[in-house]
Amino acid sequence: MAVEKLKLNNGYEMPAFGLGTMFAREDIGVQTIRDAIDVGYRHFDTAHLYGNEKQVGDGIRAKIAEGAIKREDVFVVTKLWNTYHEPDKVEMAFRNSHSKLGLDYIDLYLMHFPTGFEYRGDSEEDLFPKNEDGTLSFNEVDYIDTYNAMEKLLDTGLVRSIGVSNFNSEQIDRLLANCSVKPVTNQIEVGPSIAQKKLTKFCKDRDIVITGYSPLGRPYAADLFPNAPKLAFLDPRVIAIGEKYGKTGAQVVLRYLYQLGVVLIPKSSNKQRMKENIEIFDFTLTEEEVAVLETFDIGVKTTSPFSREGTTIDHKYCPTKIEF
């Protein structure tokens, strides 16, 4: 099934639907990518945090070697983790990701969060440095300085576009006032419980695409949040809408978010579910059906290292301090 491509503000194109790869690690990660390419995916989202950049690259290169795709057919995204916000660590982190992916270039490199963590090393256990009292150990690096260092990566020829993730509207505006290269996207959580209409419009008005992660919500969110929002795709009303079109509840949710103008990157390692997720371009929800989906929008996120049960960490760059 053909996926629409969006033209970014720098002239490059990004497929409007992709695969989130968090948790797809080791051999499962490689096979997930191969399966995804087989069913039509051409946009892959990974990150240093996910620990699977090598597997994502291995899967892509395997399909290139088979002749199924060419490098230019796929759009590959990875991210700068919070422990590398110091400007002199940005290129080191980027080149590490580039090496793990094993591709000649990366399509898009994002700053994963505006808030930096203390750097203690490059091992997996150093990803979330803790203070003696168990709280996260932040640093005070200005995300503007981090982004300015990311701009210099474009001169290497190893990355084509840069952007941000989990930025609020004030942070976007401050960044735009202090950068020479406009971010092409802001990747944020978008789902039925947090449709992000205000931030989507805000970014669109500034020619910045919104990419939405966790569009179907997180089934395991109840383990983290006792009052986690209900999963819309399991609601009888949403299932009934899907039956009208011969679609699943999940496909209805994804179509709803797509109609809001969001690039979607749902996660899955199941080949059949991956195939179903991407098959949302042959039907359109009516205004009445959209209204049903809008009833789930309660402004509640299902994931954030900055908040648990409604509490906000007191850091000047915490993105959850304002409404959007």
Side-chain angles (χ1 to χ4, degrees), residues 3-9 14-18 20 43 45 110 113-114 163-176 182-218 221 225 227-235 237-238 241-242 247 249-267 277 280-281 283-304 306-307 310 312 318-324:
V3 175
E4 176 189 351
K5 290 185 178 181
L6 297 181
K7 182 160 282 190
L8 303 173
N9 60 41
M14 175 170 69
F17 200 96
H43 173 174
D45 183 271
L110 305 179
F113 284 92
V164 295
S165 181
N166 299 297
F167 273 51
N168 65 34
S169 58
E170 290 179 359
Q171 291 165 340
I172 289 289
D173 260 356
R174 181 168 177 259
L175 180 62
L176 292 176
K182 182 186 289 190
V184 299
T185 192
N186 182 19
Q187 184 179 125
I188 58 176
E189 180 179 353
V190 177
S193 71
I194 183 150
Q196 301 272 22
K197 290 182 181 181
K198 290 183 179 179
L199 189 52
T200 297
K201 183 181 186 305
F202 179 92
C203 287
K204 183 178 180 180
D205 289 346
R206 288 152 181 79
D207 202 15
I208 298 170
V209 172
I210 287 290
T211 302
Y213 63 80
S214 299
L216 295 173
R218 296 200 171 196
F225 301 96
N227 298 315
K230 296 178 181 179
L231 296 171
F233 67 86
L234 297 178
D235 189 279
R237 295 171 297 164
V238 176
I241 292 171
K247 299 293 182 179
Q251 287 170 315
V252 170
V253 168
L254 292 171
R255 179 68 201 187
Y256 159 65
L257 297 172
Y258 177 74
Q259 286 181 206
L260 294 180
V262 177
V263 172
L264 301 172
I265 48 169
K267 293 184 293 291
N277 286 346
I280 64 165
F281 300 100
F283 73 108
T284 301
L285 298 175
T286 67
E287 290 183 8
E288 293 76 16
E289 290 161 348
V290 167
V292 172
L293 272 299
E294 287 176 337
T295 65
F296 294 93
D297 188 5
I298 55 176
V300 174
K301 294 184 178 182
T302 62
T303 173
S304 173
F306 298 100
S307 62
T312 300
C318 177
T320 60
K321 286 188 172 184
I322 63 174
E323 180 190 357
F324 72 95

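The analysis underlying the following values was restricted to heavy atoms, covering all of them including side chains, and did not include hydrogens, waters or symmetry mates. Just so it is clear, the structure is predicted and the values come from calculations on it, not from any experiment.
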Any side-chain heavy-atom pair of [X] and [Y] under 4.5 Å:
X      : Y      : answer
Gln196 : Leu260 : no
Ile241 : Arg237 : no
Pro215 : Val190 : no
Val184 : Met14  : no
Asn168 : Leu199 : no

Of all heavy-atom pairs between [X] and [Y], which one has the smallest distance, and what is that distance?
X      : Y      : value
Thr185 : Val209 : OG1-O, 2.7 Å
Thr200 : Ala195 : OG1-O, 4.4 Å
Phe17  : His43  : O-CB, 3.5 Å
Val290 : Tyr256 : CG1-CE1, 3.9 Å
Cys203 : Ile172 : SG-CG1, 4.4 Å
Asn186 : Asn166 : OD1-N, 3.5 Å

Please report the interatomic distance [atom1]([X]) to [atom2]([Y]), rounded to the nearest 0.5 Å.
X      : Y      : atom1 : atom2 : answer
Lys201 : Asp205 : NZ    : CG    : 3.5 Å
Leu264 : Asn277 : CG    : CG    : 9.5 Å
Leu257 : Leu216 : CG    : CG    : 8.0 Å
Ile265 : Lys267 : CD1   : NZ    : 8.0 Å
Lys197 : Asp297 : NZ    : CG    : 6.5 Å
Leu293 : Thr295 : CG    : OG1   : 7.5 Å

Worksheet item: Within the distance-only criterion (no hydrogens, no angle test), does the side chain of Gln187 pair as donor or acceptor with the backbone N or O of Leu110 below 3.5 angstrom?
Response: no
Discussion item. Tell me if a side-chain donor or acceptor on Asn9 pairs with a main-chain N or O of Pro183 at a distance below 3.5 Å.
Written reply: yes
Item to complete: Just do the side chain to side chain contact (heavy atoms under 4.5 Å, CB included) check on Glu170 and Ile322 with the steps written out, would you?
Response: CA-CA 8 Å; Glu170 290 179 359; Ile322 63 174; 3.6 Å; yes
Worksheet entry | Check against side chain to side chain contact (heavy atoms under 4.5 Å, CB included), Leu176 and Ile208 | CA-CA 11 Å; Leu176 292 176; Ile208 298 170; 4.2 Å; yes
Worksheet item: Hey, is Glu289 close enough to Arg255 for a salt bridge, meaning N to O under 4.0 Å?
Response: no
Fill in: Greater than 12 external heavy atoms within 6.0 Å of Lys182's NZ
yes
Discussion item. For a side chain to side chain contact (heavy atoms under 4.5 Å, CB included) check, start with the C-alpha distance between Asp45 and Tyr213, then their side-chain angles and the critical distance, and finish with the verdict.
Written reply: CA-CA 10 Å; Asp45 183 271; Tyr213 63 80; over 6 Å; no
Discussion item. Determine whether Asp235 and Phe296 satisfy the following criterion, side chain to side chain contact (heavy atoms under 4.5 Å, CB included), listing intermediate values before the conclusion.
Written reply: CA-CA 10 Å; Asp235 189 279; Phe296 294 93; 3.6 Å; yes
